[in-house]
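All residue numbers refer to positions in the sequence shown, counting from 1. Keep in mind that what you see is a predicted model, and the values were worked out from it rather than measured. Every number for a ligand or one of its atoms is a count from 1 in the order of the listing.
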Amino acid sequence: MATETIFSKIIRKELPSDMLYQDDLVTAFRDINPALPTHILIVPNEHIPTSSDVTDAHEAAMGRMHTVARKLAEEEGIAKDGYRLIINCGEHGRQEVMHIHMHLLGGSDVGPMIVRKKPA
Ligand code: AMP
């Protein structure tokens, strides 16, 4: 089994967090270093390291992450103006914590989707 991360301890409430939501499949808490006024992480309770590790068995949790994101966006008051959902994967995706997580970002314009590199 892949090594757990700090997120498993947050899910089990062994470490403090600003937790906004938890059910049988997913947990949501505020990012410790927010990039925008609203920056929430939504994670499966099960330790799934990256998007590359997602299987058919995880479809319920992956779907729940999205419906919880929608509900939290409404609660945060950012649904009308819009927001961005991001899942980084692996080294090129700049994933830092190896427990799959969805970033819910909003509260102001999030900027361009990616910084386009100039052709070499
Ligand atoms: P990523 O680069 O997609 O892996 O994003 C990891 C995110 O986790 C970053 O935005 C961090 O600020 C956030 N993070 C790391 N440790 C914690 C923590 N203890 N509580 C909340 N957010 C955290």
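Contacts between Asn88 and ligand 1 below 4.0 angstrom, taking non-hydrogen atoms only, involve the side chain exclusively. Proximity of Arg94 to ligand 1, defined as any heavy-atom pair under 4.0 Å, is confined to the backbone N, CA, C and O atoms. In His103, the part holding a heavy atom less than 4.0 Å from any atom of ligand 1 is the side chain. When heavy-atom distances to ligand 1 are checked against a 4.0 Å cut-off, Leu15 has no atom that comes that close, whether in backbone or side chain.
Shown here is Glu14, whose CD atom has more than 12 heavy atoms of other residues, nucleotides or ligands within 6.0 Å.
Counting protein heavy atoms only, atom 21 (C) of ligand 1 is closest to Ile32 N, 3.3 Å. Asp31 OD2, 3.3 Å is the protein heavy atom nearest to atom 9 (C) of ligand 1. Given atom 5 (O) of ligand 1, the protein heavy atom at minimum distance is His101 NE2, 3.1 Å.
Ligand 1 has Ile10 within reach: a non-hydrogen atom of the residue lies less than 4.0 Å from it.
Here is the list of ligand 1 atoms found below 4.0 Å of a heavy atom in Ile6: 19 (N). Residue contact check: Gln95 has heavy atoms under 4.0 Å from atoms 4 (O) of ligand 1. Close approach of ligand 1 to Arg30 (heavy-atom distance below 4.0 Å) involves ligand atoms 21 (C). Those atoms of ligand 1 that come under 4.0 Å of a heavy atom in Asn33, given as number and element, are 12 (O). For ligand 1 and Glu96, the ligand atoms under 4.0 Å from any heavy atom of the residue are 1 (P), 2 (O), 4 (O). If you number the atoms of ligand 1 from 1 as listed, the ones under 4.0 Å from a heavy atom of Phe29 come out as 21 (C).
Contact of the Gln95 side chain with the Ile87 side chain is not registered, since no non-hydrogen atoms from C-beta on lie closer than 4.5 Å. In this structure, Thr50 and Ile100 have side chains that are not in contact, with every pair of non-hydrogen atoms separated by 4.5 Å or more.
Checking side-chain atoms of His66 against main-chain N and O of Gly63 turns up no donor-acceptor pair under 3.5 Å.
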Under 3.5 Å, sequence neighbours excluded: what are the donor-acceptor pairs made by side chains of residues 25-34?
unit_1 : atom_1 : unit_2 : atom_2 : d
Thr27  : OG1    : Gln22  : NE2    : 2.8
Thr27  : OG1    : Asn45  : OD1    : 2.6
Arg30  : NE     : Asp18  : OD2    : 3.4
Arg30  : NH1    : Glu76  : OE1    : 3.2
Arg30  : NH1    : Glu76  : OE2    : 3.4
Arg30  : NH2    : Glu76  : OE2    : 2.9
Asp31  : OD1    : Asn33  : N      : 2.8
Asp31  : OD2    : His39  : NE2    : 3.3

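Geometrically, ligand 1 and Leu41 share no nitrogen or oxygen pair separated by less than 3.5 Å.
With values rounded to the nearest 0.5 angstrom, Ile6 atom CD1 is found 12.0 Å from Glu4 atom CD. To the nearest 0.5 Å, atoms CE (Met19) and NZ (Lys13) are separated by 5.5 Å.
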Open item on the list: Between Glu75 and Lys71, is the salt bridge (charged side-chain N to carboxylate O under 4.0 Å, His left out) condition met? List the steps.
Closed with: CA-CA 6 Å; Glu75 285 177 22; Lys71 288 175 192 167; over 6 Å; no
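Centroid-to-centroid, the aromatic rings of His101 and His99 stay 6.0 Å apart or farther.
The salt bridge (charged side-chain N to carboxylate O under 4.0 Å, His left out) check on Glu59 picks up nothing, with sequence neighbours excluded.
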